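See below for the structure under consideration.
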2 protein chains.
Amino acid sequence: MRLTRRQQEILDFLRTHAEHFAHPPTLDELCARLGLRSRGSLHKHVQALVAAGFLEPLDRQHRGIRLVAEEPAELGLPLLGTIAAGRPIEAVPQPEFLQVPPHLRTERPCYVLRVRGDSMCEAGILDGDYVVIEQRETARDGEIVVALVRGEEVTLKRILQQPGRTILYPENSALEAMELDPDEVQIQGVLVGQMRSYR
Amino acid sequence: MRLTRRQQEILDFLRTHAEHFAHPPTLDELCARLGLRSRGSLHKHVQALVAAGFLEPLDRQHRGIRLVAEEPAELGLPLLGTIAAGRPIEAVPQPEFLQVPPHLRTERPCYVLRVRGDSMCEAGILDGDYVVIEQRETARDGEIVVALVRGEEVTLKRILQQPGRTILYPENSALEAMELDPDEVQIQGVLVGQMRSYR
DNA sequence: GAACACGAGAACCAACAGAGAACATTGCGA
DNA sequence: TCGCAATGTTCTCTGTTGGTTCTCGTGTTC
């Protein structure tokens, strides 16, 4: 649905307002700011914005005008840093955002890491690739996971969980699998997508 | 259908206007800008542009003059079919569209293919991957291209162009390079991005 | 002269916008 | 707990804006 001039104006105002104040305005306050004298008229506009999906329905709650969560689709996913087998994740200082198409991610919270090194090259994950990780603490056998080992090093490996031991396989025949006590392995996420740019 | 002078002028104005303002103009505003005094006359031109497919029909909506189809970016890129080394591209019946983040494509026209087979597996391109191809007839040595060989088979290979011969390398040590006469190879596009979903 | 592009202007009416009243609900303070 | 003020909801009424549809007139082109 398309917004009218007034609706757009109100929406813009609400967005800037949200940046400066913790609480949404009341209808009366909004009226005053917009030069209106009728709450009823304003309410009509607000309802239109709710119908258009920009505001959450304000079910009789006071100060109930809340902006709907900004589509993460537009913002993209945060690029948290670089993952290199055997070292902690090297975080980027300013969390950058990367656009990720929906079919490379899941509905659950995800983030992006940049891959450093060739430990997964036989699985088609190369140095410089971006991997999309679903934030999750458990994995199924055979999934590729971001794992924190002994609280110090982070790697991207394929996981196999057996009673009493957890094995992390690199996909590179030059490297060896790690066999660990389940307590030593903490799963931080599961690989759900991968991207590479050749430009 | 061909546009008249006035129609072209109006369309041009609307395009520049769209770059500067969030809302389309009203008929009256447009009149003023164009030096017209009759809304009715202008309306006739607008309707002609709607009929010609340049504007969306403005069903009595205020400020409803909107340019049509500026959204190939939003729509994504067309998924044209599946590419398997040694066979023609198997076109999908209904051109599907796939969202592709900007860093995986170029400014020039691009399309997406699905990869079948393992001929490029050592370059990290696996069976089932999506590849983003920039439409282009020439390539630099070392680029991975979509090449039509002898007018019959299409492959995804790394290219090397020497005087008098063109070599197409698969990235799979089990397969052999093709050495061809330059006339036999027609480049259809160059690889600029790659995506894989693990879901 | 017929067809066409272009423009003026009037009349019409649906979309948009606002005022204000009445009512319902919530939440706070006495 | 009660009562009141604050706030959200629903109405009706009103006026304005702006898209739509006409008719008519004037050049221009083939």
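Remember, it's a predicted structure, so these values are computed and weren't measured experimentally. Chain identifiers are assigned alphabetically (A, B, ...) following the order of the sequence lines, protein sequences preceding nucleic acid strands; residue numbering begins at 1 within each chain.
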Completion exercise
Rounded to whole Å, the CD-P distance (B:Q8 to C:dC6) equals 11 Å

Handout entry: Check ion pair A:R199-B:E107 (N to O, under 4.0 angstrom)
Key = no

Handout entry: Side-chain ion pair, A:E143 and A:R136, N-O less than 4.0 Å
Key = yes

Practice task
Report yes or no: is there a donor-acceptor pair, N or O only, under 3.5 Å between the side chain of B:S41 and the base of C:dA8?
Solution key: yes

Fill in the blank from the handout: With the side chain defined as heavy atoms from C-beta on, B:T26 is closest, among D:dG19, C:dA19, C:dG9, to D:dG19

Practice task
Under 4.0 Å between any heavy atoms, over every strand shown, what does A:R39 touch: base, sugar-phosphate, or nothing? Just pick one.
Solution key: base

Fill in the blank from the handout: Picking from C:dA19, C:dG7, D:dG19, the nucleotide nearest the side-chain atoms of B:H43 would be D:dG19

Practice task
Answer yes or no: does a side-chain N or O of B:R60 lie under 4.0 Å from OP1 or OP2 of C:dA15?
Solution key: no

Problem - Side-chain donor/acceptor contact of B:S38 with base of C:dG9 under 3.5 Å - result: yes

Practice task
Calculate the interatomic distance between B:Q61 atom CD and C:dA14 atom P; express it in whole Å.
Solution key: 15 Å

Practice task
Establish, with yes or no, whether the OP1 or OP2 oxygen of C:dC16 is under 4.0 angstrom from a side-chain nitrogen or oxygen of A:R6.
Solution key: no

Handout entry: Whole-Å gap separating P (D:dT12) and NZ (A:K44)
Key = 12 Å

Completion exercise
Note: for B:Q47 and A:L27 on DNA chain D, the residue whose nearest nucleotide lies more 5' is A:L27

Handout entry: Exceeds 12 heavy-atom contacts within 6.0 angstrom, atom NE2 of B:H103
Key = yes

Practice task
Please determine if B:D127 and B:R116 form a salt bridge, counting it only when a charged side-chain N lies under 4.0 Å from a carboxylate O.
Solution key: yes

Handout entry: Earlier contact from the 5' end, DNA chain C, for A:R5 and B:R5
Key = B:R5

Problem - Protein-nucleotide distance (B:L30, atom CG; D:dG19, atom P), rounded to Å - result: 9 Å

Problem - Sugar-phosphate only, base, or nothing, as touched by B:L42 at under 4.0 Å among non-hydrogen atoms - result: nothing

Problem - Member of A:T166, A:I159, A:V146 meeting the side-chain contact (heavy atoms from CB on, under 4.5 Å) criterion with A:I187 - result: A:I159

Practice task
Rounded off to whole Å, could you give me the CG-to-P distance for the A:L3 and C:dC16 pair?
Solution key: 11 Å

Completion exercise
note: B:H23, atom NE2; C:dC16, atom P; distance rounded to Å ~ 12 Å

Problem - Length of the CG-C1' vector between B:D28 and C:dA8, whole Å - result: 14 Å

Handout entry: Under-4.0 Å side-chain N/O to phosphate OP1/OP2 contact, B:H62 with C:dA14
Key = no

Exercise for the section: Starting from P on C:dC6, measure out to CG on B:L49 and report it in whole angstrom. Expected result: 10 Å

Completion exercise
Considering only heavy side-chain atoms of A:T4, the closest of D:dT7, C:dA19, C:dC16 is C:dC16

